[in-house]
Amino acid sequence: MDSHAVLQSIWRVVAAIPAGRVSTYGEVAKLAGLPRGARQVGHALGKAPASLHLPWFRVIATGGRIALPKGTRGYRTQISKLRADGVAVENGRVRLTAFQWTPDLDEMIWGLR
DNA sequence: TAATTGACCGATC
DNA sequence: AGATCGGCCAATT
């Protein structure tokens, strides 16, 4: 599997995160077939062309933390985008118990198809 | 080729 | 709750 394919699978997973829900770097990595590749996800998001319109802001760090350093441009952008999605962000954090996306449980809990 | 860096994670203190 | 530390893995220097 070449690196380009890896980027694509990561982007595919990120693109699949539904509005109003979030996922973590580690989780996205796992879903993309990289069990310990959380850092790769960071790189992949950084390299993603804007033309893909990827919902990168739905990807956060473990514990619901906003990964970007507080005070940066991206930090504020991410929060406002999440809020626009209906995700509650308090003090730079998201309640994962309420908003974390897990594809398999998604159908069971929310009855989505 | 080796060292450094980074939108990370988990356990531990 | 916040800080430290070791482990991870790829891209960059």
Side-chain angles (χ1 to χ4, degrees):
Chain A
M1 190 168 208
D2 60 40
S3 59
H4 185 266
V6 171
L7 288 181
Q8 296 239 337
S9 56
I10 291 174
W11 292 339
R12 194 170 59 238
V13 171
V14 173
I17 303 175
R21 224 77 57 73
V22 301
S23 192
T24 64
Y25 287 90
E27 190 64 23
V28 169
K30 200 188 319 180
L31 293 174
L34 305 162
R36 283 148 201 77
R39 311 194 77 129
Q40 274 185 84
V41 175
H43 286 295
L45 291 184
K47 293 192 116 161
S51 59
L52 289 182
H53 298 112
L54 230 47
W56 58 268
F57 51 88
R58 298 190 187 130
V59 183
I60 58 189
T62 57
R65 248 178 39 254
I66 299 293
L68 282 63
K70 184 171 184 172
T72 63
R73 191 82 148 357
Y75 177 86
R76 284 189 295 276
T77 306
Q78 181 162 24
I79 290 181
S80 65
K81 292 251 188 195
L82 284 175
R83 291 212 170 118
D85 263 9
V87 175
V89 183
E90 316 168 4
N91 205 5
R93 307 215 185 146
V94 172
R95 291 179 185 239
L96 287 185
T97 53
F99 297 107
Q100 183 167 207
W101 173 60
T102 49
D104 290 337
L105 298 179
D106 205 63
E107 307 176 34
M108 296 193 237
I109 298 176
W110 294 84
L112 297 180
R113 296 169 278 289

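The chains referred to below are lettered A, B, ... by the order of the sequence lines, with proteins before strands, and numbering in each begins at 1.
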Legend entry - side chain to side chain contact (heavy atoms under 4.5 Å, CB included) between A/Val13 and A/Val41, worked out: CA-CA 10 Å; A/Val13 171; A/Val41 175; over 6 Å; no
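Separating the CD1 atom of A/Ile79 from the P atom of B/dA7 is a distance of 17 Å, rounded to the nearest angstrom. One interatomic measurement links the two molecules: CZ of A/Arg65 to C1' of B/dC8, which rounds to 8 Å at whole-angstrom precision. For the pair A/Ile66 CD1 and B/dC9 P, the computed distance is 12 Å after rounding to whole Å. Taking atom CD of residue A/Gln78 and atom C1' of nucleotide B/dA7, one finds them 8 Å apart after rounding to whole Å.
Contact check on A/Glu27 versus A/Lys30 returns a salt bridge, with a Lys/Arg side-chain nitrogen under 4.0 Å from an Asp/Glu carboxylate oxygen.
Taking the C1' atoms as reference points, B/dG6 lies 12 Å from C/dC8, given to the whole Å. Taking the C1' atom of each, B/dT1 and C/dT13 are spaced 12 Å apart, rounded to whole Å.
Side chains of A/Ile60 and A/Phe99 form no contact here, defined as non-hydrogen atoms less than 4.5 Å apart. Annotation: side chain of A/Thr77 is not in contact with side chain of A/Leu68 (no heavy-atom distance under 4.5 Å).
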Please list, pair by pair, any protein nitrogen or oxygen found under 3.5 Å from a nitrogen or oxygen in nucleotides 10-13 of chain B.
none

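Looking at A/Arg83, its side chain does come within 3.5 Å of a backbone N or O of A/Val89 through a donor-acceptor pair. A/Gln78 places a side-chain N or O within donor-acceptor distance of the main-chain N or O of A/Val59, the cut-off being under 3.5 Å.
The CD1 atom of A/Ile79 sits 8.0 Å away from atom NZ of A/Lys70, with the distance rounded to the nearest 0.5 Å. Atoms NZ and CD1, from A/Lys47 and A/Ile10 in turn, are 11.0 Å apart once rounded to the nearest 0.5 Å.
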Inset, instruction - Could you run through nucleotides 1-13 of chain C and give me one letter per nucleotide, 5' to 3': B if any protein heavy atom sits under 4.0 Å from the base, S if only the sugar-phosphate is that close, - if neither? - result: -S----BBBBSS-
